[in-house]
Protein chains: 2
Amino acid sequence: MTTTTDNILKRNQLSVTDSRKKILELFTANDGALAHSDIEKKTGEKFDRVTIYRTLQTFVEKGIIHTIPTVDNSVLYALCKMDCTEGHHHDNHVHFVCDNCNVTYCLDDVVTPKVNLPDGFKPKVMDVVVSGICKNC
Amino acid sequence: MTTTTDNILKRNQLSVTDSRKKILELFTANDGALAHSDIEKKTGEKFDRVTIYRTLQTFVEKGIIHTIPTVDNSVLYALCKMDCTEGHHHDNHVHFVCDNCNVTYCLDDVVTPKVNLPDGFKPKVMDVVVSGICKNC
DNA sequence: TAGTTTTTGCAACTGGGTTGCAACACCTAT
DNA sequence: ATAGGTGTTGCAACCCAGTTGCAAAAACTA
């Protein structure tokens, strides 16, 4: 039998392993972003720290997930909803961090707004992180 | 004799020490943001790592400098141009990272734009980081 | 199912950042 | 100007996130 996560893995030329399936499932089941520690907890410490690091790394390289810049300088990962290809991300969407429940959301439908930069500055990529209260709080 | 940096320190009820003066001078002389390692290098490794960490920490607490979220998850510090007071920052301005020279600028005059969030999301603070080519490249 | 390739888990390491504490520099009041 | 108390520095030791090398164990291929 071939599940959805299996397909995603195969589509990206990745061999289908237990850890990759479980970690990918976590992302598809969750609509918020996940930190390394979240994954460690939610898998019940079943996998080695190193395995989780390497899995996340390959997922990022393949464009399956992307990293989110945070204010407190931790690394968060979230599914790429748009069709990201290897080496080229379309993650120019807005991220939202809830001050209350501390969950980070990718607001894929919210496009980043235009800003007027001073003379001589040529913009290419724009990262927007909004914090406040989320829809579930 | 009383210099500008001395005044800033005194205004914030900080005793005027060698390390604080030198580090603060670096910020006033530089219009880009600085990382811990930059300061270590530019002071010629004259001060202990710990001293630099603690100095930056107290500067942040006093509202003299603020931290900037980065994509590669390093910590950057920049002078607060607006009048930030202890515990209350007005750093809702845009940050610009140059892809070429790798310098980060605080564009204090560029106000963060409005974004339309989905129903239920209530925004409070907004962080905007633009990357591209800066005015000097 | 055997052989090759890829992935995993362990151990050891690195590097950023923090903490405790004694020595020292700074400020104040005399 | 200086003696004393307070705040700051530097060192050593530590903690934690993330990385690397390598042998064992899976996953793919034919």
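Scope of the values below: all heavy atoms of this structure, side chains included, with no hydrogens, waters or symmetry mates. Sequence lines set the chain letters: A, B, ... in the order given, protein chains first and strands last, and positions in each chain run from 1.
Side-chain contact between A:H95 and A:V128 is absent, with no heavy-atom pair separated by less than 4.5 Å.
Legend: residues meeting salt bridge (charged side-chain N to carboxylate O under 4.0 Å, His left out) with A:D31, ordered by chain and number and at least two apart, are A:K135. Applying the salt bridge (charged side-chain N to carboxylate O under 4.0 Å, His left out) rule to B:K42 yields no partners; only residues at least two apart in sequence or on another chain are considered. Not counting sequence neighbours, B:K41 has no partner by the salt bridge (charged side-chain N to carboxylate O under 4.0 Å, His left out) test. In this view, B:D38 satisfies the salt bridge (charged side-chain N to carboxylate O under 4.0 Å, His left out) rule with no residue, not counting sequence neighbours. Listed by chain and residue number, A:F121 satisfy the ring-ring contact (aromatic ring centres under 6.0 Å, His included) test with B:F96 (two or more places apart in sequence, or in another chain). Partners of B:F27 according to the ring-ring contact (aromatic ring centres under 6.0 Å, His included) rule, which considers only residues two or more places apart in sequence or in another chain, do not exist here.
Residue B:V97 shares its hydrophobic cluster (ILVMFWY side chains chained together at separations under 4.5 Å) with B:V129. Grouping Ile, Leu, Val, Met, Phe, Trp and Tyr residues whose side-chain heavy atoms lie under 4.5 Å apart, directly or via other members, leaves A:V50 alone, with no other cluster members.
When the C1' atoms of four end pairs are superposed on the next four at each end of the helix from C:dT1-D:dA30 to C:dC26-D:dG5, using five pairs per end, the two resulting axes differ in direction by 40°, to 10°.
Each of A:R54 and A:H36 was matched to the nucleotide of DNA chain D holding its nearest heavy atom; the match closer to the 5' end belongs to A:H36. Heavy-atom nearest nucleotides on DNA chain C were determined for B:L14 and for B:S37, and the one closer to the 5' end corresponds to B:S37. The nearest heavy atom of DNA chain C to A:D18 and to B:D18 marks one nucleotide each, and the one closer to the 5' end goes with A:D18.
Taking the 5' to 3' direction, DNA chain C first and last meets chain B under 4.0 angstrom from a heavy atom at C:dG16 to C:dC27.
Between B:D99 and A:K124, the closest heavy-atom pair is OD2-CD, 3.9 Å.
What separates CD1 of B:I23 from P of D:dT8 is a distance of 13 Å, to the nearest Å. Atom pair B:K62:NZ and D:dT8:C1' shows a separation of 14 Å (rounding to whole Å applied). Counting to the nearest Å, the P atom of D:dA27 and the NZ atom of A:K22 are 11 Å from each other.
Within the structure, the side chain to side chain donor-acceptor pair (under 3.5 Å) test picks out the following pairs touching residues 44-58 of chain A (sequence neighbours left out): A:D18-A:K46.
Between D:dT8, D:dC28, D:dC22, one nucleotide has an atom nearer to the side chain of A:S15 than all others, and that is D:dC28.
Across all strands, B:S74 comes closer than 4.0 Å to no nucleic acid atom at all (heavy-atom distances). When heavy atoms are screened at a 4.0 angstrom cut-off, B:R20 is found touching the sugar-phosphate backbone but no base atom.
Within residues 38-48 of chain B, no residue places a heavy atom under 4.0 Å from DNA chain C.
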